[in-house]
Structures are given as C-alpha cells and as structure tokens.
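Every chain is numbered from 1 and lettered A, B, ... according to where its sequence line falls, protein lines coming before strand lines.
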Number of protein chains: 2
Amino acid sequence: MASRPPTGSVTIEDVAREAGVSRAAVSKVIRNAYGVSPAMKARVTEAIEKLGYRPSVSARGMRGATFTVGFEIPELTNPFFPKLLAGATAAMAGTPYQLVIAPADPEHGEGYRAIQALVDRQVDGVIAVSPMVDPEWLETLAATVPVVMIGRHDRASGYDTVVNDDEDGARQVMRHLLDLGHKDIAHLTSVPLKAAPAPGVPQAIRLEVYRTAMQEAGLADRVRVLSTPHGVLDAREVVLRLLTEPDRPTAVFACHDEPALGVLHAVADAGLTAADVSVAGYDDIEIAAHPGISLTTVNQDGERMGRLAAELLLERIAGRSEPRHEVVRPELVVRASTRPPRPRGGAARLRAVGRT
Amino acid sequence: MASRPPTGSVTIEDVAREAGVSRAAVSKVIRNAYGVSPAMKARVTEAIEKLGYRPSVSARGMRGATFTVGFEIPELTNPFFPKLLAGATAAMAGTPYQLVIAPADPEHGEGYRAIQALVDRQVDGVIAVSPMVDPEWLETLAATVPVVMIGRHDRASGYDTVVNDDEDGARQVMRHLLDLGHKDIAHLTSVPLKAAPAPGVPQAIRLEVYRTAMQEAGLADRVRVLSTPHGVLDAREVVLRLLTEPDRPTAVFACHDEPALGVLHAVADAGLTAADVSVAGYDDIEIAAHPGISLTTVNQDGERMGRLAAELLLERIAGRSEPRHEVVRPELVVRASTRPPRPRGGAARLRAVGRT
DNA sequence: TTGAAAGCGCTAACAG
DNA sequence: CTGTTAGCGCTTTCAA
C-alpha cells in the first residue's frame with residue numbers, strides 16, 4: 001500500500017535533524033549497517049516514517065549501489081521475453097533490488113544503446129538478451145559491472161550465461177518430424193543467410209541442426225531454408241509464397257514460435273490445414289497451447305532461465321567472479337500442428353524418383 | 001554500433017584535463033549549452049571521444065534531469081501493454097530521453113511500489129497504467145514529477161490522462177451482439193464484484209455498459225456477470241463451468257482479450273464452437289487476428305495511446321502544467337468468433353439465415 | 001556507539 | 001567565451 005506519496009524533498013539531513021542525530025547515523029540505519037543502538041534505530045526509523053523520507057537513488061549511486069538491476073530485451077512484442085522477465089522478477093522479490101527494463105530499439109543496433117543506457121544509470125548489474133553483441137565489447141563491459149547474458153552459447157570469462165540447449169531442442173524437433181515420416185521439411189530462420197555465420201546465436205544453431213539432421217536422414221537435397229529477418233509479417237508472406245508452389249514442403253520448422261504463428265497463418269491463407277503442412281516452432285509461448293493454435297514447439301522454460309539469470313547476477317553482485325554457464329534442458333511439446341504427412345497424388349509419383 | 005564499451009571511470013574532470021579546459025566547459029558542451037566556441041567544442045568532443053566518456057546519470061540527477069522516463073506497467077504477460085510501450089518508445093526516439101520500464105509486482109499492490117521505485121530513481125517523468133491507484137496519491141505525486149496516466153477516466157488536475165472511450169467501445173460490442181440476435185449474453189469481468197465499485201476503471205465501465213445495454217434491450221433478467229480477478233486460467237475454468245450448465249449463454253463478452261482467449265479455450269474444452277457460443281473481447285491484441293483465434297474485439301490502438309502518453313509527458317517535462325485528457329476512439333473489429341445464435345431446441349428453421 | 005568531514009561527478013551561478 | 005566555486009544527497013573513513 002501507499003503509506004504516503006513521495007514528497008521528493010525530504011533529505012537525510014531532515015531526518016537527522018528530526019531524530020536529533022547525525023546524517024551518518026541515519027545512513028547507517030537505512031543500510032542496516034553495523035554499529036547502531038536499538039534506541040537510535042528506533043528514533044531514526046520513526047523520523048523516517050514521520051517525514052516520509054526516501055533515500056535518493058541518484059545520490060546513493062554516486063558513492064555506492066543503486067539497488068537497481070537492468071534488464072535489456074531486444075523486443076517487447078515477442079511473448080517469450082515476458083517469461084524471462086517474470087522469472088527474474090520473482091527471483092528478485094525479497095531482495096532490495098529493483099528491476100528496470102530497457103527495451104532495445106529494434107531499428108537501431110543490437111541493444112548496445114539500451115545496455116549503455118542502463119550502465120549510464122549506474123545499475124548494479126545487467127541482464128541482457130542480445131545474441132549478437134560483440135563478445136569483446138561484453139567482456140570490457142563486464143569488467144565494470146556484473147553481467148549475465150541470456151541465450152548465448154559462447155563461453156565468456158567475465159560474465160555469466162544462461163542458455164537453453166538449442167542443439168538438443170532442435171534435434172528433438174527434427175527427430176519428431178522425421179519420425180512422423182516427413183521428408184520435405186523447410187526451415188524458417190531469422191538468421192540472415194548471406195552474412196557471416198554468427199557462431200553462438202541460438203537461431204544459427206537451430207539452423208545448423210536442421211541442416212545436419214536433414215543430411216543424416218539422407219535428405220540433403222530437400223534442404224530448404226527461408227530467412228526472414230524482418231519479423232512475423234514477413235514470415236507469413238514468405239511462407240505463403242512457398243506454400244503455393246507446386247512442390248511445397250510437408251513440414252516447416254520455424255526457429256521461433258512467433259514466426260511459426262506466421263507460418264500457421266500462411267497455411268490457413270493457402271487454404272491448407274495441419275493435415276497438409278505440419279508446423280513446429282520453438283519457445284512454447286503461452287498461445288501455443290491454445291486449441292486454436294495448438295503448435296508443436298519446444299519449451300525452453302523462459303521463467304526458469306530468467307530466474308537463473310537473476311540469481312547468477314545477484315551472486316556476481318555479491319562478489320563472485322568465476323564465470324558460470326548454465327544450460328537449461330529444452331523439452332519438445334507435441335501438439336496438433338504436426339501430423340504424419342498425407343500422401344499426395346500425382347506429385348508423389350514424380351517425387352518417387354529420388355527415393356528408394 | 002558500439003564505439004567503445006563504457007569504462008565507467010572516466011569523469012568530466014578527465015575530459016577537461018585531456019582537452020585542457022575546465023569542467024564547466026565540458027559540461028556546457030555535453031549539454032549543448034549556450035556560450036561555447038566551435039574550437040572548444042571540437043576539442044572537448046574529441047577528448048570525450050578519445051576517452052570514451054559517458055556522463056554519470058546519477059551525478060546529473062543530483063542537480064537536474066536524468067533524461068529518463070519511467071513507464072510502469074501492471075503485468076508483462078498481457079500482450080496489450082507492449083503496444084503502449086512500442087508507441088511510447090517510438091515517440092521518445094530522437095529525444096534525449098531513455099525509457100525504462102518498471103513492472104509492478106502483480107501480487108503486491110497496485111503498482112505503488114513500482115511507481116515509487118521509478119520516482120526514487122529520479123526519473124524526469126512517469127507514465128503509468130495503474131487504474132486502481134488512489135487519485136489523491138497521484139495528485140501528490142504529480143506535484144513532484146510530471147505524470148501521465150493511461151486508462152483512467154477520472155479527470156485529474158495535476159496529471160494528464162490518456163484513455164480509450166470505453167463506454168463507446170463496450171457499446172459497440174453490445175450492439176453487435178444484440179444485432180446478431182443474442183439474448184443470453186454473459187459478461188466476464190476482472191472487477192471484483194463485492195468490492196466497492198471503482199468509478200474510473202475501464203473494466204468497471206465496460207461492465208456498466210453491459211448492464212445498461214442488457215436492460216435497454218429488455219434483457220435485464222438475462223444479465224450474468226462472472227468475475228475472475230485472478231487471471232486467464234481462471235477465466236477458462238470459470239467459463240467452462242458456465243458453459244456446461246444447461247442454460248448456457250449464447251455469447252460471452254469478456255472485458256479483455258486475454259480472458260477472451262480463456263473463454264475461447266473453454267468453448268473448445270466444452271466441445272463447442274463459435275457457432276454455439278459467440279465470444280467478444282476488448283483490446284485487439286495481435287493474436288486476435290490469427291485465423292486460429294479470429295476474435296471479435298475492440299481495437300483501442302494501444303500504440304497511439306502510448307505515443308500520446310509520451311508526447312504529453314514530454315510536454316509536461318517541458319513545462320506545461322494545465323492538465324490534458326486525451327480520449328482515443330475505439331473501433332469494433334468483427335471476426336469469426338461472433339455469429340448469430342443458433343436456435344436451440346426445436347426451432348431449427350432460423351438456421352438458414354446465418355451466413356458462413 | 002556516534003558524529004564530523006571529505007568527497008562522489010555533475011550543474012549552475014557568477015566572475016573574469 | 002571561459003573558468004572558479006559552491007553545492008546536490010549520500011556514504012564512508014576516521015576520531016571522539
């Protein structure tokens with residue numbers, strides 16, 4: 001509840017005067033520092049209460065901690081991120097730390113700006129979800145402030161990482177689709193195909209797994225990768241084009257649930273159903289379980305990841321300096337969007353050439 | 001791009017020394033203040049560049065502005081809020097202000113804590129989406145820092161408000177359902193029914209409109225209100241119970257899209273379809289347009305509201321003090337989740353009237 | 001156990 | 001146009 005709105009003008013000085021003690025004494029009380037008599041503590045607390053005093057975080061930040069943890073996220077619209085935030089919030093509850101979120105401007109750069117902004121604001125630690133920022137830059141940053149990165153597979157020396165085992169997760173998807181009998185499986189990725197392959201990026205890993213799985217299944221010639229760096233709407237359009245081609249795939253594995261929703265949309269646009277085209281995603285966002293969507297996907301337990309990240313960060317703030325690297329196990333969730341492929345008429349015969 | 005990671009230790013003093021000028025001179029340069037020769041500006045800029053200097057927001061906050069705008073949101077999971085944030089972010093781009101988001105702890109209180117936390121951190125202004133916080137508390141707060149509230153219908157004197165015309169929007173929904181021929185319309189609200197009616201709250205207004213619309217249509221005895229303050233899962237369960245009763249409603253108007261999704265889920269759980277139970281929501285979240293959901297709802301243009309809020313706040317920060325009250329016009333979006341009621345029992349003849 | 005005093009990095013008068 | 005100076009509210013030695 002609101003005990004009293006902040007007046008914004010009560011300083012530690014006022015409290016000290018009111019309580020008849022020194023500023024230092026008040027400071028000690030509010031920090032629970034060592035060396036305060038119960039009597040003084042009581043008087044100070046009363047004065048604080050009476051005056052509605054709130055310590056200025058800015059002033060504190062100049063000497064010590066701000067009790068603020070910054071969380072940078074790349075985009076607000078993807079429903080997976082709130083899971084991370086919820087986990088982090090939960091882990092932070094009960095600590096004196098306040099979580100603030102800085103959204104990266106999706107247009108401009110990889111979140112450098114947002115992370116900067118957080119650091120400029122003297123946060124005591126940073127959690128970030130920027131798969132593409134330069135590791136070196138991060139190392140230098142981490143030398144200044146505790147950092148935990150979510151969704152990076154590179155092993156860092158100065159900061160912690162929390163990732164989902166993307167290789168495992170993607171393999172589970174591919175195995176599932178192959179087991180169902182699919183051979184024409186396309187992959188939808190957000191990784192730009194012409195750019196240099198970024199090694200530690202989850203989507204790049206999922207792409208790689210897709211490629212190798214296809215190869216191992218003797219389907220190297222059926223590999224089809226679509227790249228839609230520009231978001232979900234794009235995914236829908238790109239896939240719609242694909243689906244109206246005569247040799248459309250029987251299954252699409254999307255690197256995220258969001259584009260997977262776009263794929264499902266495209267499937268509907270094309271007048272098809274899950275019986276015609278199976279769709280799998282990755283993330284297990286809330287809506288995936290809805291009967292109207294029913295998307296087969298991989299649960300990477302974002303809440304747990306967020307919680308872990310926050311815990312690691314608090315440890316770092318408390319002094320740990322050895323890097324830690326937490327890997328969360330993903331779990332395939334099979335729903336109605338993936339089914340065995342339906343044998344096609346004439347087209348199936350044409351295809352038979354390449355098969356045993 | 002990252003010009004250079006923040007070192008965290010370069011102060012204005014260092015820059016002054018490097019450039020061979022005074023601290024004040026550097027201060028003026030970074031603030032674009034009046035009275036700096038181009039020559040000095042160049043030298044200072046160079047020194048800043050070279051040293052990778054970043055002004056400490058905390059230190060700045062002690063004297064003046066932090067160039068930070070705080071945005072408090074009640075929950076992260078509701079996909080409507082990202083729209084607000086996107087709008088605000090867009091409006092803020094190009095200004096020197098940075099947006100930081102403070103999520104309210106859904107368990108504890110109405111966002112007082114989060115707003116407090118923001119103010120403690122010396123933000124230059126606050127945008128908040130807390131329909132229930134005490135207006136008086138807000139007025140006192142607004143005396144200290146510029147405030148814009150989103151989704152409040154009360155007219156304030158010290159702060160601005162941005163709302164959607166909930167009365168209009170809810171009326172559009174009710175008219176639509178009634179026009180379709182529905183008589184047994186239930187309403188699902190997040191307003192606790194036993195508590196004192198909170199006047200300015202959007203959901204309370206929608207509830208009121210529902211009641212009056214039913215009355216005006218001569219359906220006062222068909223009024224059925226379900227309250228699910230505890231979230232979406234709840235909505236699904238509560239509605240499922242309702243739908244399995246013998247005299248189930250033919251339509252449900254939910255106060256938000258999120259619970260509406262729960263209703264759709266319940267409809268499916270009960271083995272029913274949109275032909276059996278029409279569902280309408282409010283917000284027009286992204287997924288509502290998906291063919292698997294296809295939810296009739298009211299678009300309240302969250303992006304525009306967010307943008308407006310940010311603009312109003314910037315105006316306030318710039319000095320305006322007369323309160324402003326912006327009302328955004330809502331727009332009904334009819335989708336497949338609402339259809340004419342199917343005549344029950346013997347009267348199957350009316351069936352032909354309905355379209356596909 | 002308590003208090004006095006010296007800054008933290010910056011801005012904003014005010015002098016030069 | 002430029003520099004000097006006095007704080008902003010807090011923490012933190014260091015004495016008392």
Side-chain angles (χ1 to χ4, degrees), chain A residues 6-45 47-48 51-68 96 119-124 144-145 317, chain B residues 6-45 47-48 51-68 96 119-124 144-145 317:
Chain A
T7 65
S9 51
V10 180
T11 78
I12 200 172
E13 176 83 52
D14 301 324
V15 176
R17 192 172 20 243
E18 172 75 23
V21 298
S22 71
R23 281 164 22 218
V26 179
S27 176
K28 279 172 187 159
V29 170
I30 62 183
R31 284 177 299 128
N32 272 317
Y34 177 79
V36 262
S37 67
M40 164 169 278
K41 179 165 180 176
R43 275 168 60 202
V44 170
T45 308
I48 288 175
L51 268 41
Y53 165 72
R54 310 229 86 213
S56 152
V57 174
S58 286
R60 293 183 115 175
M62 293 202 56
R63 305 296 274 120
T66 55
F67 299 102
T68 309
V119 175
D120 288 347
R121 277 155 189 77
Q122 306 264 51
V123 292
D124 295 338
T144 306
V145 56
I317 292 176
Chain B
T7 67
S9 52
V10 180
T11 78
I12 201 171
E13 176 82 50
D14 301 323
V15 176
R17 190 171 22 242
E18 172 75 24
V21 298
S22 71
R23 278 160 31 214
V26 179
S27 177
K28 278 173 187 156
V29 169
I30 63 182
R31 284 177 298 129
N32 271 316
Y34 177 80
V36 262
S37 67
M40 163 168 281
K41 178 164 182 178
R43 275 169 58 202
V44 170
T45 309
I48 288 176
L51 268 41
Y53 166 72
R54 310 229 85 214
S56 151
V57 174
S58 286
R60 292 181 118 175
M62 293 204 54
R63 303 299 274 121
T66 55
F67 299 102
T68 308
V119 174
D120 287 347
R121 277 153 189 78
Q122 305 265 49
V123 293
D124 295 338
T144 306
V145 55
I317 291 175

Specify the separation, in whole Å, of atom CZ of B:Arg43 and atom P of D:dC1. 15 Å
To the nearest 0.5 Å, what is the distance between CZ on B:Arg17 and OG1 on B:Thr11? 7.0 Å
Of B:Pro38 and A:Thr11, the one whose closest DNA chain D nucleotide lies more 5': B:Pro38
Please check the phosphate of D:dG9 (OP1 and OP2 only) for any side-chain N or O of A:Arg54 closer than 4.0 Å. no
CD1 of A:Ile30 versus P of D:dT12: gap in Å, rounded? 11 Å
To the nearest angstrom, how far is A:Asp120 atom CG from C:dG9 atom P? 14 Å
Bend angle of the helix from C:dT1-D:dA16 to C:dG16-D:dC1 from five-pair axes at both ends, rounded to 10°? 30°
Output the rounded distance in Å from CZ (B:Phe67) to P (C:dC10). 13 Å
5' precedence on DNA chain D between B:Ala39 and A:Val57 (nearest-nucleotide basis): B:Ala39
Tell me, do A:Arg60 and A:Phe67 make a side-chain contact under 4.5 Å, heavy atoms counted? yes
Supply the atom-to-atom distance A:Ser37 OG to A:Lys28 NZ, rounded to the nearest 0.5 angstrom. 11.0 Å
Just to confirm, is there a sub-4.0 Å distance from OP1 or OP2 of D:dC10 to any side-chain nitrogen or oxygen of A:Tyr53? yes
Scan nucleotides 3-7 of chain C against the protein and return all N/O pairs shorter than 3.5 Å with their distances rounded to 0.1 Å.
residue	atom	partner	partner atom	Å
C:dG3	OP2	A:Ser22	N	3.1
C:dG3	OP2	A:Ser22	OG	3.3
C:dG3	O6	A:Lys28	NZ	3.0
C:dA6	N6	A:Arg23	NH2	3.2
C:dG7	N2	A:Arg63	NE	2.9

In whole Å, what is the span from the CE atom of A:Met62 to the C1' atom of C:dC10? 7 Å
d(B:Thr45 OG1, B:Ile30 CD1) to nearest 0.5 Å is 10.5 Å
For the side chain of A:Ser37, counting heavy atoms from C-beta on, which of C:dT11, C:dT2, D:dT11 is nearest? C:dT2
Closest listed nucleotide, where the reference is the side chain of A:Ser27 and the choices are D:dT11, D:dC10, D:dG9: D:dT11
Rounded to whole angstroms, how far apart are OH on B:Tyr34 and P on C:dA12? 17 Å
Which whole-number value in Å describes the distance from B:Glu13 CD to D:dT5 P? 13 Å
For A:Ser27 and A:Arg23: C-alpha separation, side-chain torsions, deciding distance, then whether side chain to side chain donor-acceptor pair (under 3.5 Å) applies. CA-CA 6 Å; A:Ser27 176; A:Arg23 281 164 22 218; over 6 Å; no
Which pair of heavy atoms, one from A:Ala47 and one from A:Ala19, lies closest together, and at what distance? CB-CB, 3.9 Å
Taking CZ from A:Arg60 and C1' from C:dC10, how many angstroms apart are they, rounded to a whole number? 20 Å
If you round to the nearest 0.5 Å, how far is CZ of B:Arg121 from CZ of A:Arg121? 12.5 Å
Quick one: which of A:Val44, A:Val21, A:Val15 gives a side chain to side chain contact (heavy atoms under 4.5 Å, CB included) with A:Val29? A:Val44
So, B:Thr66 side chain and B:Gln122 main chain: donor-acceptor pair closer than 3.5 Å or not? yes
